[in-house]
Amino acid sequence: MPPPVFRFAPSPNGHLHLGHAYSALLNFDRAQETGGRLLLRIEDIDATRCRPEFEAAIYEDLAWLGIKWETPVRRQSEHLACYRAALDKLSALGLVYPAFESRAEIARLVATREADGPWPRDPDGAPLYPGNAKSLPYDERSRLIESGLPYALRLDMAAACRRVSGLSWNELGEGPAGERGLVTARPEAWGDVILARKETPTSYHLSVVVDDALQRVTEIVRGQDLFYASSVHRLLQTLLDLPEPAYRHHALILGVDGRKLSKSDRATGLRELRVAGRTPAGIRTSVGLG
Ligand code: GLU
């Protein structure tokens, strides 16, 4: 049996905080315990928010924590062709359509629909796509594309769900509501998710699924904030004929106010803690891995 493969996959859009330290250390410890490999992946597809200095800081902070990872590190921005190929495969299955509404138009549409009662939200609390781009006639679609109007490519969730059934995953950790073991995937709860945008020719969901498969990741250790997204990931893996990894979602480290940590909160930033004299062993203790 090849050794298990783990990955830590931060986005270089800010400095790492205690929550990232916990996730990275859990991955590192799992790799050590199992004789597995630890990969580091830089999720930098959002060119407007990701910066080279944050990437450099990620390497520095992880090395300071005593974490070792394999090189070369995969940077998503260097592999856009891989995501394009996956998108083409989904398009060939007739599961992708262009949607032309701007973010502001979507917000307006949701507000209009909410006049008749609450509009459904995804597990992250964002309104489901309210538009009707899926049913635009072919000619109209071509006309809008030719006019140069920007568009997002969305997954036709209803059609995608008709192609697969009985989706689930093996949860080795725990979901926010205590879910563990065999968890039923409910991708329909996310509606017609975005697979690519004009300025970012892929999306988090698409690139994470493609990369986890290309890098042969066998156990995905990440925060519970991504637990429900696993439903979309299992759907895309199945549609794209990719292998199924196991998942181990962990509890999030919360701030003193009980809220999720933010990259902009200096009190829990690893660099700030380091400058304040905290040691890597001290960080381990404060995230409960002492
Ligand atoms: N890049 C994501 C983040 O920084 C994590 C992706 C994942 O672990 O699946 O939140």
Side-chain angles (χ1 to χ4, degrees), residues 4-28 30-31 38-51 54-55 57-59 61-62 67 69 73-80 82-83 86 123-124 126 169-176 183 185 187 190 193-195 200 202-237 240 242-254 259-265 268-270:
V5 181
F6 301 84
R7 54 48 163 199
F8 178 58
S11 296
N13 55 12
H15 286 132
L16 300 186
H17 54 55
L18 275 180
H20 298 107
Y22 182 49
S23 207
L25 286 166
L26 279 176
N27 269 291
F28 178 60
R30 281 289 296 149
L38 176 62
L39 310 179
L40 174 62
R41 184 165 76 225
I42 299 295
E43 302 214 322
D44 59 349
I45 53 172
D46 184 349
T48 58
R49 296 178 62 218
C50 295
R51 299 225 298 264
F54 291 134
E55 183 180 332
I58 288 173
Y59 301 138
D61 291 346
L62 293 179
I67 290 173
W69 60 89
V73 165
R74 185 175 174 91
R75 293 153 102 205
Q76 291 189 321
S77 58
E78 292 168 354
H79 298 279
L80 299 180
C82 298
Y83 315 130
D124 280 350
W169 76 86
N170 183 17
E171 178 60 51
L172 304 172
E174 197 171 78
V183 176
W190 292 90
V193 289
I194 289 186
L195 296 174
T200 311
T202 180
S203 63
Y204 160 65
H205 294 308
L206 186 65
S207 36
V208 87
V209 155
V210 168
D211 282 349
D212 284 335
L214 279 169
Q215 297 190 289
R216 299 192 160 75
V217 176
T218 54
E219 186 177 318
I220 294 177
V221 179
R222 64 183 178 191
Q224 272 175 356
D225 51 341
L226 293 170
F227 178 83
Y228 295 111
S230 306
S231 284
V232 178
H233 301 173
R234 286 292 301 117
L235 175 66
L236 294 177
Q237 284 157 3
L240 293 166
L242 303 176
E244 176 184 352
Y247 289 86
R248 185 181 293 271
H249 291 95
H250 59 75
L252 298 179
I253 304 281
L254 302 177
R259 299 174 54 161
K260 214 175 126 173
L261 300 183
S262 138
K263 279 182 172 147
S264 54
D265 178 6
T268 51
L270 289 182

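Start at 1 and go down the list; that is how both ligands and their atoms are numbered. Quick caveat: nothing in here was measured; it's all calculated off a predicted structure.
Between W69 and F6, the gap from one ring centroid to the other reaches at least 6.0 Å.
Not one N or O on the side chain of W190 forms a donor-acceptor pair closer than 3.5 Å with the backbone of S231. A side-chain donor-acceptor contact under 3.5 Å links H20 to the backbone of H17.
Applying the 4.0 Å criterion to heavy atoms of E43 picks out, from ligand 1, the atoms 1 (N), 2 (C), 5 (C), 6 (C). Of all atoms in ligand 1, numbered sequentially from 1 with element shown, those under 4.0 Å from a heavy atom of V208 are 9 (O). Residue R222 approaches ligand 1 through these ligand atoms, each under 4.0 Å from one of its heavy atoms: 7 (C), 8 (O), 9 (O).
Contacts of H249 with ligand 1, taken as heavy-atom pairs under 4.0 Å, are absent altogether. Only the side chain of L226 comes within 4.0 Å of ligand 1, counting heavy atoms alone; its backbone N, CA, C and O stay farther away.
The shortest N or O to N or O distance between A9 and ligand 1 is under 3.5 Å.
Comparing S207, S23, S11, A229 against atom 4 (O) of ligand 1, the shortest heavy-atom distance belongs to S11.
Counted by atom type alone, R41 and Q215 present one or more donor-acceptor pairs between their side chains at under 3.5 Å. If you check the side chains of H249 and R222, you find a donor sitting under 3.5 Å from an acceptor. In this structure, a donor-acceptor pair under 3.5 Å is present between the side chains of D211 and Y83.
Residue-ligand proximity: Y204 is placed with a non-hydrogen atom under 4.0 Å from ligand 1. Using a 4.0 Å cutoff on heavy atoms, R7 counts as a contact of ligand 1.
At least one side-chain heavy atom of L16 sits less than 4.5 Å from a side-chain heavy atom of P10.
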